Number of protein chains: 2
Amino acid sequence: MLDDRSRKTAPERRESILRAAAEVFGRHGYVGATTDQIAKAAGISQPYVVRLFGSKEALFLAVLRSAKDELLADFRAGLAEARAAGSGIEGTLASLGDRYVELARQRGVHLSLLQAFVQGADPVIGAAARAGYLEIWRFLREEADLTVELAKDFLGQGMLLSVLLSVDMPVLDGDADAHELLIAVCGPKLPLLIEST
Amino acid sequence: MLDDRSRKTAPERRESILRAAAEVFGRHGYVGATTDQIAKAAGISQPYVVRLFGSKEALFLAVLRSAKDELLADFRAGLAEARAAGSGIEGTLASLGDRYVELARQRGVHLSLLQAFVQGADPVIGAAARAGYLEIWRFLREEADLTVELAKDFLGQGMLLSVLLSVDMPVLDGDADAHELLIAVCGPKLPLLIEST
DNA sequence: GTCTATAATACGATAGAC
DNA sequence: GTCTATCGTATTATAGAC
């Protein structure tokens, strides 16, 4: 889990911290995650994490923005693919859904997004989280051209998968009920989510 | 928001703490909420909160159990009502959905549940959260007799509403996109969620 | 570009009085 | 049944060296 310890340029270092922070924030939440855990996961010292981003809050905002951008980029790729294949609404939904499930392989993106959403009471993080959420909604409605009804159902399945990842339901895959639930949400792609770190 | 300051029996006091804690944990999360915030919301001293429940963790587990039990009780009432009315699957789903939305009036239940789900990495809280989640799944499948597909879709809409409450989307009700999204999820019951504390 | 040392604070928990 | 006082610890952030 440790990155290398050699010197890097600041932008490179920011990138590795961002990746490490997405995982740690994703698992422990904005308040629960410590800058020291993030530093260790990135293979550097705690003060340096703070130095490069200014504050824990600024780092979390950077993680939020980056996760949301990654999700939207993947959605746009899926949308382009569906349109190139000439598939209709059904195909578009399937393509977007596939991207969403596949993004779950690096847990960081979905988990840190949900941890941001759950922080609505924080004046600055809450505001950023709401803005990000609406960006995603606008993508579904305007770019992907989904009806309100379809966009809402799609989002619901997304939130369900995110919550299941967050509660770490895959660790209970042995349990019959847990397995039924996971299969219902992920379909045949479930194995993807069991093994990944 | 303060409860009264008179003496109470221990069980009564535990009840008011539980209600206050559900709100505070719901808004700030397990780690972010402080026992002092909870104490102030309940109108007592911080050490007394700890004294009555043993630890912050024990208090959170009590909140989780109580929230889950309230949700299941409401679901059971809705199910009984639907069956008494002789409605089919559609009516059952509508009845359960209504209960879910109405439970959102006291934010505590949905918010603290989601904050528990998001704590999957914590050995003890995560385990309790997973067990609670599966209890709800089993209710939908076995007691309410929903198919896997219907239960999954119902749960998805529930998670979507919970996340929207958690990110505090109702504060943006003026925004056209936010309003469209909220109306899609809550239907005509939306006003219920805007005014409530 | 990165570290060590440390200051400053906030928080959960305990002790003990009333 | 409930409070005040306080200890011990964990954590963010800063200062300054290399």
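Only a predicted model underlies this, so the values are computations on that prediction, with no experimental measurement involved. By convention in this document, chain letters (A, B, ...) are assigned in the order of the sequence lines, proteins followed by strands, and residues within each chain are numbered from 1. Computation of the quantities below employed the complete heavy-atom set of this structure, encompassing side-chain atoms and omitting hydrogens, waters and symmetry-equivalent molecules.
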How long is the line joining [atom1] of [X] and [atom2] of [N], in whole Å?
X       : N     : atom1 : atom2 : answer
A:Lys8  : C:dC3 : NZ    : C1'   : 17 Å
A:Lys40 : C:dC3 : NZ    : C1'   : 13 Å
B:Ile17 : D:dG1 : CD1   : P     : 11 Å
B:Glu15 : D:dG1 : CD    : P     : 15 Å
A:Phe53 : C:dT2 : CZ    : P     : 12 Å
B:Ile44 : D:dC3 : CD1   : C1'   : 11 Å
B:Tyr48 : D:dT4 : OH    : P     : 14 Å

Do the rings of B:Phe154 and B:Tyr100 sit parallel, tilted or perpendicular, given the 30° and 60° boundaries?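 Correct class here is perpendicular.
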Sequence neighbours excluded - side-chain hydrogen bond (donor to acceptor under 3.5 Å, both in side chains) pairs with any residue from residues 56-71 of chain B: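 Non-adjacent pairs meeting side-chain hydrogen bond (donor to acceptor under 3.5 Å, both in side chains): B:Lys68-B:Glu135.
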Does the structure place the NZ or CZ of A:Arg76 under 6.0 Å from the centre of the six-membered ring of A:Phe139, at an angle of no more than 45° from the ring's axis?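 The answer is no, since A:Arg76 fails at least one limit relative to A:Phe139.
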List for me each residue that meets side-chain contact (heavy atoms from CB on, under 4.5 Å) alongside B:Ser112, sequence neighbours excluded, and say none if there are none.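 Scan of B:Ser112 (side-chain contact (heavy atoms from CB on, under 4.5 Å), adjacent residues dropped) gives B:Ala22, B:Val63, B:Ala67.
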Indicate for each nucleotide in nucleotides 5-18 of chain D, in 5' to 3' sequence, whether protein heavy atoms under 4.0 Å reach the base (B), only the sugar-phosphate (S), or nothing (-). B-----SBBB-B--
Any heavy-atom pair between the side chains of B:His28 and B:Gln115 that's under 4.5 Å? no
Run the side-chain contact (heavy atoms from CB on, under 4.5 Å) check on B:Val118 and B:Tyr30 step by step: do they pass? CA-CA 9 Å; B:Val118 114; B:Tyr30 169 54; over 6 Å; no
